[in-house]
Amino acid sequence: MDFFLWQMLSVGICCFTKDSKSFILRLRLTMSPRRPSGELPWTPAQTQALLGHADTINNLRPKVEAGKATLDEQKRFVLAVSSLEVAIKDKERPPSQVILTSTPEGQELRFDLRELRTQWVTFYQSHGLTAILKDKQGLDTIPQEITLTPEQIEILKEKAKEGFTRITLVPRGIEAHLALLKEKLVDGLEKDSNGEPIEAFLNDYEDKKGVKSSFPTQIETTDPSRKDTPYLLLTNPDQPLHPGSKNKTANALLPEFEALGLSGLTLHDFFIEERFHLNQTQKHLVDWGHNDWTWLLSSRDAASRVLSAYWVPGRHQVEVGSSPSDGSSPDLGARSSVVLALES
């Protein structure tokens, strides 16, 4: 018998032997419809499914305990045990750890902050960015437990209904790792005719204060809510640019966004989301081939010009430049975001 299967069977027998019926009774008593707040516990449909798992455990226990269960029955027993264990642990977690809301289309959307942390730690590790998860003192740059205030939870719920359904977890001190982010996330997304990786292109000015000359140490993050703290970045995965933002100056967009409770992106936000979006969709985040080009409203070069970025399909590379904050272009808009600062 498979070792994992045997182990789960043993756990199931141990946990659900003599007291199976009383366990089912307790389950029936403790399960309830979703709270009015929209958070845990389970929906009526989920409750019925879990009760079915409890009945499966009760019905199959004698066969499993006696070693007479078929392979299919053993698998059903293991599935029922693991499903209940997960559900019980989930219910015992603080409501702020699992947040229920809906998409703009009214579909239920569930944010599990513990799973979110695991997802992003795995993303960074899988792209050779383990170093950004610790600071120089060896302390975690992402909190072990993501905790949101009641106000932040409400913001997350409301913004998700507006389409901000992607959450990026950004580590504390990320500004110090710009060069590493560029190397690991956006350099070499495609190769040239000789099979060599194509690096992201950093534009510059004659004053030697453009992106290339400023990179990485003189690229400034202007949004104080992002500085020296980890944060959740909420963005809309389906809209590369905020509606109506094209052909507007950064000076015009910044107060507009602020009035809507929005921010723009930083250069490090763009590097991270560009690679994540490409991994998820096989498409680039902001593509010049679609006449899209984004201000990075929260990043500036050494001359205080506002950064901008896009994917250039003809050159097969990401390009990052900068422009005066009072400049505009018909295809230049801004990707919008919501920033939820976390306690580190």
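Just so you know, these numbers use all the heavy atoms, side chains as well, and skip hydrogens, waters and symmetry mates.
- Of all heavy-atom pairs spanning Ile219 and Leu178, the tightest one is CB-CD1, 3.8 Å.
- In His127, the NE2 atom is crowded: over 12 heavy atoms of neighbouring residues, nucleotides or ligands sit closer than 6.0 Å.
- Using a 4.5 Å heavy-atom threshold, the side chains of Val338 and Leu233 count as separate.
- Pairs engaging residues 174-206 under the ring pair (Phe, Tyr, Trp, His ring centres under 6.0 Å) rule: none recorded [sequence neighbours left out].
- His53 pairs by the ring-ring contact (aromatic ring centres under 6.0 Å, His included) definition with nothing, not counting sequence neighbours.
- The distance from atom CD of Gln97 to atom CD of Glu115, rounded to the nearest 0.5 Å, is 11.0 Å.
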Hey, mind stepping through Ser225 and Asp223 against side-chain hydrogen bond (donor to acceptor under 3.5 Å, both in side chains) and telling me if it holds? CA-CA 6 Å; Ser225 68; Asp223 179 5; 2.8 Å; yes
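- For residues 238-253, the set of pairs meeting the salt bridge (charged side-chain N to carboxylate O under 4.0 Å, His left out) definition, not counting sequence neighbours, comprises Lys246-Asp292, Lys248-Glu256.
- Salt-bridge check for Arg305 with Asp207: passed, with a basic side-chain N closer than 4.0 Å to an acidic carboxylate O.
- Taking the ring-ring contact (aromatic ring centres under 6.0 Å, His included) definition, one finds that Tyr310 meets it with Trp288, Trp293, sequence neighbours left out.
- Thr281 places a side-chain N or O within donor-acceptor distance of the main-chain N or O of Lys283, the cut-off being under 3.5 Å.
- Judged purely by atom type and a 3.5 angstrom limit, Asp192 has no side-chain atom pairing as donor or acceptor with the backbone of Ile198.
- You'll find the side chain of Ile155 reaches within 4.5 Å of the side chain of Glu151, heavy atoms only.
- For Asp228, the CG atom sits in a loose shell: 12 or fewer heavy atoms of surrounding residues, nucleotides or ligands are nearer than 6.0 Å.
- Annotation for Asn279 and Gln282: closest pair O-NE2, 3.1 Å, computed over non-hydrogen atoms.
- Judged as a side-chain contact (heavy atoms from CB on, under 4.5 Å), and not counting sequence neighbours, Lys191 has no contacts.
- Within the 4.5 Å cutoff, no side-chain heavy atoms of Leu202 are placed close to those of Asp204.
- Evaluation of the ring-ring contact (aromatic ring centres under 6.0 Å, His included) rule for Phe276 yields Trp120, Phe123 as partners, not counting sequence neighbours.
- For Asn251, the side chain to side chain donor-acceptor pair (under 3.5 Å) partners at least two apart in sequence or on another chain are Ser325.
- The CG atom of Leu340 sits 8.0 Å away from atom CD1 of Ile167, with the distance rounded to the nearest 0.5 Å.
- Proximity of a side-chain donor or acceptor of Ser337 to a complementary backbone N or O of Leu265 within less than 3.5 Å is not detected.
- Annotation for Leu60 and Arg76: closest pair CD1-CB, 4.1 Å, computed over non-hydrogen atoms.
- Thr103 and Glu105 share a side-chain donor-acceptor pair at under 3.5 Å.
- Between the side chain of Thr56 and the backbone N or O of Phe77, no donor-acceptor pair lies under 3.5 Å.
- A donor-acceptor pair is defined here as one N or O able to donate and one able to accept, closer than 3.5 Å; no such pair exists between the side chain of Gln239 and the backbone of Phe164.
- With salt bridges taken as basic N to acidic carboxylate O contacts below 4.0 Å, none links Glu175 and Arg226.
- One side chain, Thr266 or Asp269, offers a donor N or O that lies under 3.5 Å from an acceptor on the other.
- The distance from atom NZ of Lys161 to atom OG of Ser102, rounded to the nearest 0.5 Å, is 5.0 Å.
- Within the 4.5 Å cutoff, side-chain heavy atoms of Pro230 are placed close to those of Pro143.
- When the shell of 6.0 Å around CD of Gln125 is examined, it contains more than 12 heavy atoms from other residues, nucleotides or ligands.
- Taking 4.5 Å as the limit, some side-chain heavy atom of Leu254 sits within range of a side-chain heavy atom of Leu297.
- Just one of Leu109, Asp112, Ile153 meets the side-chain contact (heavy atoms from CB on, under 4.5 Å) condition when paired with Ile99; it is Ile153.
- The backbone N or O of Ile132 sits less than 3.5 Å from a side-chain atom of Thr141, completing a donor-acceptor pair.
- No hydrogens or angles considered: a donor-acceptor pair under 3.5 Å links the side chains of Thr235 and Glu273.
- When atom types are taken as modelled, the side chain of Ser245 and the backbone of Ala334 share a donor-acceptor pair closer than 3.5 angstrom.
- For Phe257, the ring-ring contact (aromatic ring centres under 6.0 Å, His included) partners at least two apart in sequence or on another chain are His242.
- Residues that satisfy the side-chain contact (heavy atoms from CB on, under 4.5 Å) test with Lys184, not counting sequence neighbours, are Leu129, Leu180.
- Between the side chain of Arg275 and the backbone N or O of Leu189, no donor-acceptor pair lies under 3.5 Å.
- Residue pairs meeting the side chain to side chain donor-acceptor pair (under 3.5 Å) criterion with at least one partner in residues 128-138, sequence neighbours excluded, are Lys134-Asp140, Asp135-Arg172.
- Put simply, the side chain of Asn58 never gets that close to the backbone of Ala54: no donor and acceptor are under 3.5 Å apart.
- Taking both residues in full, the closest heavy atoms of Thr222 and Pro224 are given as O-CD, 3.2 Å, listed atom of the first, atom of the second, then distance.
- The two residues Tyr124 and Val170 make their nearest non-hydrogen contact at OH-CA, 3.9 Å.
- Separating the NE2 atom in His277 from the CG atom in Asp287 is a distance of 9.5 Å, to the nearest 0.5 Å.
- Leu100 contributes atom CG, which lies 6.5 Å from atom CZ of Arg110 (distance to the nearest 0.5 angstrom).
- The shortest distance between side-chain heavy atoms of Arg117 and Gln144 falls below 4.5 Å.
- The backbone N or O of Lys157 lies less than 3.5 Å from a partner atom in the side chain of Thr101, making a donor-acceptor pair.
- Distance check, rounded to the nearest 0.5 Å: OG of Ser214 to CG of Leu267 gives 10.5 Å.
- With a 4.5 Å cut-off on side-chain heavy atoms, Leu342 and Leu232 count as touching.
- Residues Leu156 and Phe111 form a side-chain contact, since some pair of their non-hydrogen atoms from C-beta on lies under 4.5 Å apart.
- In terms of heavy atoms, Ala252 sits closest to Thr249 at N-OG1, 3.0 Å.
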Please list every donor-acceptor pair under 3.5 Å in which a side-chain atom of residues 316-324 meets a protein atom from a residue at least two apart or in another chain.
from: His316; atom 1: ND1; to: Glu190; atom 2: OE1; distance (Å): 2.7
from: His316; atom 1: ND1; to: Pro313; atom 2: O; distance (Å): 3.3
from: Gln317; atom 1: OE1; to: Arg315; atom 2: NE; distance (Å): 2.7
from: Gln317; atom 1: NE2; to: Glu199; atom 2: O; distance (Å): 2.8
from: Glu319; atom 1: OE1; to: Arg315; atom 2: NH2; distance (Å): 2.2
from: Glu319; atom 1: OE2; to: Asn203; atom 2: ND2; distance (Å): 3.3
from: Ser322; atom 1: OG; to: Asp301; atom 2: OD2; distance (Å): 2.7

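- Under the rule for a side-chain contact (heavy atoms from CB on, under 4.5 Å), Glu206 has no partner lying at least two apart in sequence or in another chain.
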